[in-house]
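Inspection log for the structure reproduced underneath, given as structure tokens.
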Amino acid sequence: MSLLAHLNEQQRAAVEPGRGVFLVRAGAGSGKTRVITRRIAHLIAHHKAEPSSIVALTFTNKAANEMKERVAQLAQTTTTPAIGTFHAYCLRLLKTNRHLLALPDFTIMDEDDRDKLIQKIVSAAGFNKQISSNAVSHALSNAKNQSATGSINFSLIDHPVIQDLCMTYEKERKLAHCLDFDDLLIETIALFKNNPSFRTSYQSFVRHVLVDEYQDTNLVQHALLRFMTCDNQGIFALDSLCVVGDEDQSIYSWRGATVHNILEFSKDFPQTVSLVIEQNYRSVQPILSLANEVINNNASRLPKNLWSERKGKDRIRLVKMASDRHEADLVARLTSFLKKFHPGESCAVLYRSHHQSRSLEEALLRHSLSYKIIGGIQFYERQEVKDLLAYLRLAVNPYDRVSFSRIYNAPTRGLGAKFEELFFEVWSQEPLLPFNAIAQKLIDSGAIAGAKKNSLVAFCELFSFIAKNNPTPTAALELIVQKTEYLSYLSNAFDKSIALEKIENVRELASAVQAAEDRGCTSLEAFLNEVALVQDHASKADRDDGLQLQLMTYHAAKGLEFDTVVLAGLEDGLFPTARSLDIPASFEEERRLLYVGITRARERLLMTHAQQRYVFGRVTQQIASRFIEELPKALAPHEDGSQWAPFNTDRFLETWLTGNTSSFSNPSSLPQAPKFTRSSFTWDAEPFKLSKERKENLDHQGYTPSRATSTFTTPPNTPLGPKASSSWRPFQTVQHKSFGVGVIKEIEEKSGGVINLTIHFSCGIKKINASFVSPHQK
DNA sequence: ATTACTTCACTTTTT
DNA sequence: GTGAAGTAAT
Ligand SMILES: Nc1ncnc2c1ncn2[C@@H]1O[C@H](COP(=O)(O)OP(=O)(O)OP(=O)(O)O)[C@@H](O)[C@H]1O
């Protein structure tokens, strides 16, 4: 039976039985995910379980997709089990049982929408200056992530004012017929809790549940799992439940995850069969040894001894580079060599935070290497895409105030802050009406007239047209773009290159809508739901040239594996992040993050850190990560590459990858830059230090860094008009039309002969263009 | 109301 | 280096 092949004893114990509760607690790469996928396939093939009676939950979309693929390979069925993230599955349950909900026609707010609403509430309450909306957002999410009873527990918020603001948020959210991400879980719990008969029928339908990465579930998710799997008396009521996880890989405590859930699992599920695996099948032994050494430094930890049969020598490198650019160049050169010596293998560069991808991207582009970035600023988070989605959302849900706020003046149609104030004041008096009813009221009462009225009428007509004709998603989007003249708005409001990019994104959105429609997503609502939880958008530009290079954060890499892994930016303050340094629990979580990173590697591991790096637009000296001291020298020899020219980097990499020092050769794919001699070129983090020849070099390779362009287009001899500055001097008394008489404090001369004066008026200090003031005559 | 510009605070990590 | 927020000017 091939489904049980290549499983060890413990894995088999969790895969084979058709009934029971199983908990697999095992280290990284020990085959936990394999247990899940094989178990699904085995349930279908051997126990004849209906695929639709199986639910498998994961943490990230990427993990869910990976699991879908693996299961599809193992089980050839027409219907597929429900495999998805907690959030996606909850959305599905809520939508298919909407008749049981208080808000059957909700739409989903993403984090951005939610923060915007909070911001509005904070400033409307006049706490603008005292309370940051971040703090409110944080407190709210915290409370929601611990509210396991189907409604938010506001008493979890200590600060009385913040508590109040959160209550207002909840009220507004409900009036807008919206759910945020956290609500998806809470409302699903409420669905089970308030409808015992639904729970019973659900459990006659769903018989098997599996959860991956259980160490990263929070209280809400754990409670939800109990509602899904236990009957109204709290007795386990399904055929089987299988959860797997590794407490050493718990990296989501900031979003309420608690290892308690996995460590105390059998308290809530007394019939649990606990299984432990200590063999790692993924990594070669040196990499695993390094991971073990690192994680051993965590004090609060259950001891474990992971081992691997996979031997290997000389698999780890740790290198100090001069700067972020130098580091990125090393990564790009490594990629070139991997393409040459290990084509068809996978490689990932991991970093602590998304902004680190920038320098890496630039280097990869310079070397004409293809790559894929996972996460970061996503397609569906782009301003123009969000605008158009907000139109679609408002069409589906005319109560959605957040979407209305977003688009009532995008594109600009002469309706500004005053209008918004008036509109929402009337709306708060009639909170149960949709936006178009409020608009009608304002027009009827004459409060909005003239040009404003016309804009508002046109805006509303667009939506009534959609409501009346119920067009397909494609047609609706097309209509919106056309009627709002969205494309010409983009080309007028933005610089040409930016506008073109945005227009391209609009096109891409149109094709995404079309693709969804072709997939059978024929209603606007279905499309919006599909989009809401997946910010990732399969881009057509994913070129495949042998090596798959992916860039992502440690968090996004959870559960994945790659032949070669690069851990970039091992620097104090970056990784471990500055915020974790004085909080022992956070610091240990950072270390677990490193453990996760190391254990992603099958064959090779390269760790790098830079001496200086661009941080907030400034060159900053960086200190090597304190984690580096925890790496045994024998396992990870520390090289100083900070003085390396490209030639040295190549030699280092080739020696490492081939074990061959003598036959050094340049792979032809590497761009050679003969002008990069040691004396004329440095790897400073500062990008503007590029020499002119170097810039031309880059141009020849078809890539011009955008920042450099502006630097070099500054005309060397700015045409200066008559020395106008001579007519102004400090302490001179001057006159301004609206500010009256003042005294000059500072004189600045800008390019083009423009002079700005900083003037002390009786009403305060202002900065004024000199052409608006005249010398004061007594 | 909109624009064009300056200043400022900010960056963990995901659904 | 970026995006929000504030401000001077049309
Ligand atoms: N019994 C086995 N024999 C051989 N290879 C195995 C076995 N079990 C799993 N593997 C392989 O080991 C690798 C790691 O497995 P898997 O991803 O399931 O581990 P995991 O425990 O889920 O890892 P992580 O904790 O990092 O998520 C995979 O490449 C898988 O194919």
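In what follows, chains are A, B, ... by sequence order, proteins preceding strands, each numbered from 1. What you see is a predicted model, and the numbers here were worked out from it, not measured in a lab.
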From B:dT13, C:dG1, B:dT15, pick the nucleotide closest to the side chain of A:Thr85?
B:dT15

Applying a 4.0 Å non-hydrogen cut-off, can you work out what A:Thr577 is touching in the nucleic acid: base, sugar-phosphate, or nothing?
base

In whole Å, I'd like the distance from the NZ atom of A:Lys62 to the P atom of B:dT13.
17 Å

Check step by step if side-chain contact (heavy atoms from CB on, under 4.5 Å) holds for A:His354 and A:Thr553.
CA-CA 7 Å; A:His354 287 299; A:Thr553 62; 3.4 Å; yes

Just to be sure I understand the rule, does A:Phe86 reach a base, reach only the sugar-phosphate, or reach nothing, if contact means heavy atoms closer than 4.0 Å?
nothing

For a quick test of reading the model: is some side-chain N or O of A:Thr553 closer than 4.0 Å to OP1 or OP2 of B:dT14?
yes

Taking the six-membered ring of A:Phe424, is the NZ or CZ of A:Lys120 close enough (under 6.0 Å from the centre) and on axis enough (within 45°)?
yes

When the distance from CG of A:Leu179 to P of B:dT15 is rounded to whole Å, what number comes out?
18 Å

Check this for me: A:Arg92, atom CZ, are more than 12 non-hydrogen atoms of other residues, nucleotides or ligands nearer than 6.0 Å?
no

If B:dA1 has a Watson-Crick or G-U wobble mate with both distances under 3.5 Å, name it; if not, just say none.
C:dT10

Both conditions, 6.0 Å and 45 degrees, for the charged tip of A:Lys502 above the ring of A:Tyr486: are they met here?
no

Grab the OH-P distance between A:Tyr489 and B:dT3 for me, whole Å please.
9 Å

A:Arg618 CZ - C:dT2 P separation (whole Å)
15 Å

Select base, sugar-phosphate, or nothing to describe what A:Phe575 touches, counting heavy atoms under 4.0 Å on all strands.
nothing

Does the pair A:Lys558/A:Asp216 count as a salt bridge with the N-to-O cut at 4.0 Å?
yes

Classify A:Glu589 by what it touches in the nucleic acid, base, sugar-phosphate, or nothing, heavy-atom distance under 4.0 Å.
nothing

Closest to side chain of A:His87, choosing from B:dT14, B:dT15, C:dT2
B:dT15

With a non-hydrogen cut-off below 4.0 angstrom, is A:Asn218 in contact with a base, only sugar-phosphate, or nothing?
nothing

Options B:dT2, C:dA5, B:dT15, nucleotide nearest the side-chain atoms of A:Phe181
B:dT15

Per atom distances to the A:Arg358 side chain, the nearest of B:dT15, B:dT3, C:dT2 is C:dT2

Options B:dT15, B:dA1, B:dT13, nucleotide nearest the side-chain atoms of A:Lys452
B:dA1

Atom-to-atom span, CD of A:Glu361 to C1' of C:dG1 - whole angstrom:
14 Å

Classify A:Gln356 by what it touches in the nucleic acid, base, sugar-phosphate, or nothing, heavy-atom distance under 4.0 Å.
nothing

Using only side-chain N and O atoms of A:Gln221, determine if any of them is under 4.0 Å from OP1 or OP2 of B:dT15.
no

Choose from B:dT15, B:dT13, C:dA5 the nucleotide whose nearest atom is closest to any side-chain atom of A:Ser353.
B:dT13

When the distance from CZ of A:Phe59 to P of B:dT13 is rounded to whole Å, what number comes out?
17 Å

What's the CD1-P distance between A:Ile373 and B:dT13, to the nearest Å?
13 Å

A:Thr85 vs A:Asn61, test: side-chain contact (heavy atoms from CB on, under 4.5 Å). Steps then yes/no.
CA-CA 6 Å; A:Thr85 63; A:Asn61 288 310; 3.6 Å; yes

Check whether any side-chain nitrogen or oxygen of A:His354 sits under 4.0 Å from OP1 or OP2 of B:dT14, and answer yes or no.
yes

Check every strand shown and say whether A:Asp110 touches a base, only sugar-phosphate, or nothing at a heavy-atom separation below 4.0 Å.
nothing

Please give, in whole Å, the distance from B:dT15 C1' to A:Asp212 CG?
16 Å

For a quick test of reading the model, state the closest non-hydrogen atom pair linking A:Pro411 to A:Tyr489 and the distance between them.
CB-CG, 3.2 Å

A:Asn134 side chain N/O closer than 4.0 Å to the phosphate oxygens (OP1, OP2) of B:dC10?
no

So which one's nearest nucleotide on DNA chain B is more toward 5', A:Trp254 or A:Gly416?
A:Gly416

Report the residue (A:Arg579 or A:Leu415) whose heavy-atom-nearest nucleotide on DNA chain B is the more 5′ of the two.
A:Leu415

